[in-house]
Novice: 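The structure's right below; bear with me while I get my questions together.
The figures that follow rest on heavy atoms only: side chains count, while hydrogens, waters and symmetry mates do not.
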Amino acid sequence: MTGRNEIAIVVGQLAAFVVNAVIGTVWSDHAGVWRYMLAVQAVPAVALFAGMLRMPESPRWLLSRGRDDDALAVLRQVRDPGRAAAELLEVRELVEQERAESPARSGWSELRLPWVRRLVLVGIGVAVVNQLGGINAVMYYGTQLLRESGFSGDVALVANVLNGVFSVAGMLIGLRVINRVTRRSLLLVGLTGIIASHLMIALCSAALPEGPGRSVAVTAFLVLFVGFNQASVGLVCWVVLAELFPLRVRGFAIGLCVFWNWTSNAVISGFFPTVVAGIGVNGTFLVFAGLNVLSWLFVRFVLPETRDRSLEQLEEDFRAARA
């Protein structure tokens, strides 16, 4: 389920790249064409707003607040009456189980427990690894990167669609194989491909003379990086976070990990244009390659395997592990 959510995200990114390429090509003579690109974002936003007006609350949330009749009414919108009643009982049992297993308030106080601290630090590491490849920087500044490699503005906009295509393709491949191999194995293979792609981008930028050959080579390894990233890190990191934390700290811990994920994204993406301007595309991707060597070591020697392991088993292992 988590993987399918990630696929929905990258499909949206691909749609945005395609729309931008069309707008940029059709109105390329307009200096303010970027305003049209931003304005188009209002269309899905309005559609989402209209849809949310009719969106019911989740049955679990309603049951947790004692609104059983409302929860049953929601279930009857998507289930036959018999199945709705049975599912209501299942959800009620889950809500009661969570109340019994989770403290009334879990948060910063839980970090006083050494095993919780270790588990949360591992989760933060996973969240940061998700950004260290520079995937969002490439998604945000893909057109500028392609211009740096030698493409003209219009061609760079169209070529940037390839990033979206390989992003979706990578996610689909990752989702297909994720339950056939261990989480760590998929991450290690993906990180190896990411490091190799970064090194080749740096090599092509530094060694090839300016011209079509360098532009095509950089683009090829750039989209290869996107494919490797989305088939492994982009997909698996979120799956691992969903599988890592016991109920007692789940909401707080995932919230903390997401905070560090987006903080690292803000730092990397915010400084990316300045770094590229300062040390060039080759230097920037050499730095990314070095950071991802650290990510590879983290996954190999620190990250626990979560596939086919219950939250209780992971909790027991972390309770028993030495600091």
Novice: Any chance you could lay out the side chain to side chain donor-acceptor pair (under 3.5 Å) test for Q131 and S264, step after step, and finish with the verdict?
Specialist: CA-CA 7 Å; Q131 297 291 345; S264 55; 5.3 Å; no

Novice: If you compare all heavy atoms of N265 against all heavy atoms of Y140, which two are closest, and at what distance to 0.1 Å?
Specialist: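 Shortest heavy-atom contact: ND2-OH, 3.3 Å.
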
Novice: May I ask whether W260 and I268 are part of the same hydrophobic cluster, defined by side-chain heavy atoms of I, L, V, M, F, W, Y residues being less than 4.5 angstrom apart, directly or through others?
Specialist: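 The answer is yes; both residues are in one hydrophobic cluster.
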
Novice: For the side chain of S64 and the backbone of W61, is there at least one donor-acceptor N/O pair under 3.5 Å apart?
Specialist: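 Yes, because the side chain of S64 sits within donor-acceptor range (under 3.5 Å) of the backbone of W61.
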
Novice: If you define the side chain from C-beta out and look only at heavy atoms, does anything of N5 sit under 4.5 Å from I9?
Specialist: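 Yes, at least one pair of side-chain atoms sits under 4.5 Å.
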
Novice: Which heavy atom in S167 sits nearest to a heavy atom in Q13, and how many Å separate them?
Specialist: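 Residues S167 and Q13, closest heavy atoms: OG-OE1, 4.2 Å.
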
Novice: Determine yes or no for a side-chain-to-main-chain donor-acceptor pair under 3.5 angstrom, with N130 supplying the side chain and V233 the backbone.
Specialist: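 Pair found, side chain donor or acceptor close to backbone of V233.
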
Novice: If you look only at distance, which donor and acceptor atoms sit under 3.5 Å apart when one is on a side chain in residues 24-51 and the other is two or more places apart or in another chain?
Specialist:
from, atom 1, to, atom 2, distance (Å)
T25, OG1, A21, O, 2.7
H30, ND1, Y36, OH, 3.3

Novice: With a 4.5 Å heavy-atom cut-off, do F225 and I135 have their side chains touching?
Specialist: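 Counting from C-beta outward, F225 and I135 do come under 4.5 Å.
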
Novice: For a side chain to side chain contact (heavy atoms under 4.5 Å, CB included) check, start with the C-alpha distance between F298 and L294, then their side-chain angles and the critical distance, and finish with the verdict.
Specialist: CA-CA 6 Å; F298 168 82; L294 297 178; over 6 Å; no

Novice: Hey, is CD on Q313 packed in by over 12 heavy atoms from elsewhere, all under 6.0 Å?
Specialist: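 Yes, enclosed.
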
Novice: Within a strict 4.5 Å, meaning less than it, do heavy atoms of the S205 and T284 side chains meet?
Specialist: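 S205 vs T284: side chains apart.
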
Novice: I need the L314 CG to L244 CG distance, nearest 0.5 Å.
Specialist: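 Reported to 0.5 Å precision, the distance equals 6.5 Å.
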
Novice: Heavy atoms only: give me the nearest N179-R307 pair and the separation to one decimal.
Specialist: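 In terms of heavy atoms, the two residues are closest at O-NH2, 2.6 Å.
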
Novice: Walk me through whether L111 and F252 qualify under side chain to side chain contact (heavy atoms under 4.5 Å, CB included).
Specialist: CA-CA 10 Å; L111 296 179; F252 169 78; 4.2 Å; yes

Novice: Taking a hydrophobic cluster as the set of Ile, Leu, Val, Met, Phe, Trp and Tyr residues connected by side-chain heavy atoms closer than 4.5 Å, whether directly or through intermediates, do V287 and L203 fall within one such cluster?
Specialist: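 Yes.
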
Novice: Just wondering, more than 12 heavy atoms not from E210 lying within 6.0 Å of its CD?
Specialist: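 Counting other residues, nucleotides and ligands, CD of E210 stays at 12 neighbours or fewer.
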
Novice: On a heavy-atom basis, which atom in V258 and which in W238 lie closest, and how many Å separate them?
Specialist: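 Residues V258 and W238, closest heavy atoms: CG2-CZ3, 3.8 Å.
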
Novice: Is the shortest side-chain heavy-atom distance between T143 and F17 below 4.5 Å?
Specialist: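 They are not in side-chain contact.
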
Novice: Shared ILVMFWY cluster between L175 and V181, side chains joined below 4.5 angstrom?
Specialist: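 Yes; V181 is reachable from L175 via cluster members.
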
Novice: If you take all heavy atoms of S149 and R214, which pair is closest and at what distance?
Specialist: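 Looking at all heavy atoms of both residues, the closest pair is O-NE, 3.7 Å.
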
Novice: Under the side chain to side chain contact (heavy atoms under 4.5 Å, CB included) criterion, do V276 and Y141 qualify, and how do the steps go?
Specialist: CA-CA 11 Å; V276 171; Y141 302 109; over 6 Å; no

Novice: Is there a side-chain contact between R176 and L172, using heavy atoms and a 4.5 Å cut-off?
Specialist: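 No; the side chains remain at least 4.5 Å from each other.
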
Novice: Between R300 (side chain) and L188 (backbone), is there a donor-acceptor pair under 3.5 Å?
Specialist: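 Side chain of R300 to backbone of L188: no pair is present.
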
Novice: Contact between F151 and V218 at the side-chain level, heavy atoms closer than 4.5 Å - yes or no?
Specialist: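 The answer is no, as the side chains (C-beta and beyond) never meet within the 4.5 Å cut-off.
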
Novice: Backbone N or O of T306 within a donor-acceptor pair of the R184 side chain at under 3.5 Å?
Specialist: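 No.
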
Novice: Ignoring hydrogens and angles, tell me if any N or O in the side chain of N292 forms a donor-acceptor pair with the backbone of L132 under 3.5 Å.
Specialist: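 Such a contact is found between N292 side chain and L132 backbone.
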
Novice: Taking the side chain as every heavy atom from C-beta outward, state whether V128 and N261 have any atom pair closer than 4.5 Å.
Specialist: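 The answer is no; the side chains never approach within 4.5 Å.
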
Novice: Between C237 and L187, which heavy-atom pair has the shortest distance, and what is it?
Specialist: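 Where C237 meets L187 most closely, the heavy atoms are SG-CD2, 4.3 Å.
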
Novice: Should the heavy atoms of other residues, nucleotides or ligands under 6.0 Å from CG of D69 be counted, would the total exceed 12?
Specialist: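 Open: at most 12 neighbouring heavy atoms sit under 6.0 Å from CG of D69.
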
Novice: State plainly whether one hydrophobic cluster holds both F166 and V189, where clusters connect Ile, Leu, Val, Met, Phe, Trp and Tyr through side-chain heavy atoms under 4.5 angstrom apart.
Specialist: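 As far as the 4.5 Å side-chain criterion goes, V189 and F166 are not connected within one cluster.
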
Novice: L72 and M55: same hydrophobic cluster, using ILVMFWY side-chain contacts below 4.5 Å?
Specialist: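 Each belongs to a different hydrophobic cluster.
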
Novice: Who are the ring-ring contact (aromatic ring centres under 6.0 Å, His included) partners of F288, not counting sequence neighbours?
Specialist: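 Listed in chain order: H198, F285.
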
Novice: Go through the steps to decide whether T2 and L241 satisfy the test side chain to side chain contact (heavy atoms under 4.5 Å, CB included), and finish with yes or no.
Specialist: CA-CA 10 Å; T2 302; L241 288 176; over 6 Å; no

Novice: For residues E243 and R183, determine if any side-chain heavy atom of one lies less than 4.5 Å from a side-chain heavy atom of the other.
Specialist: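 In contact.
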
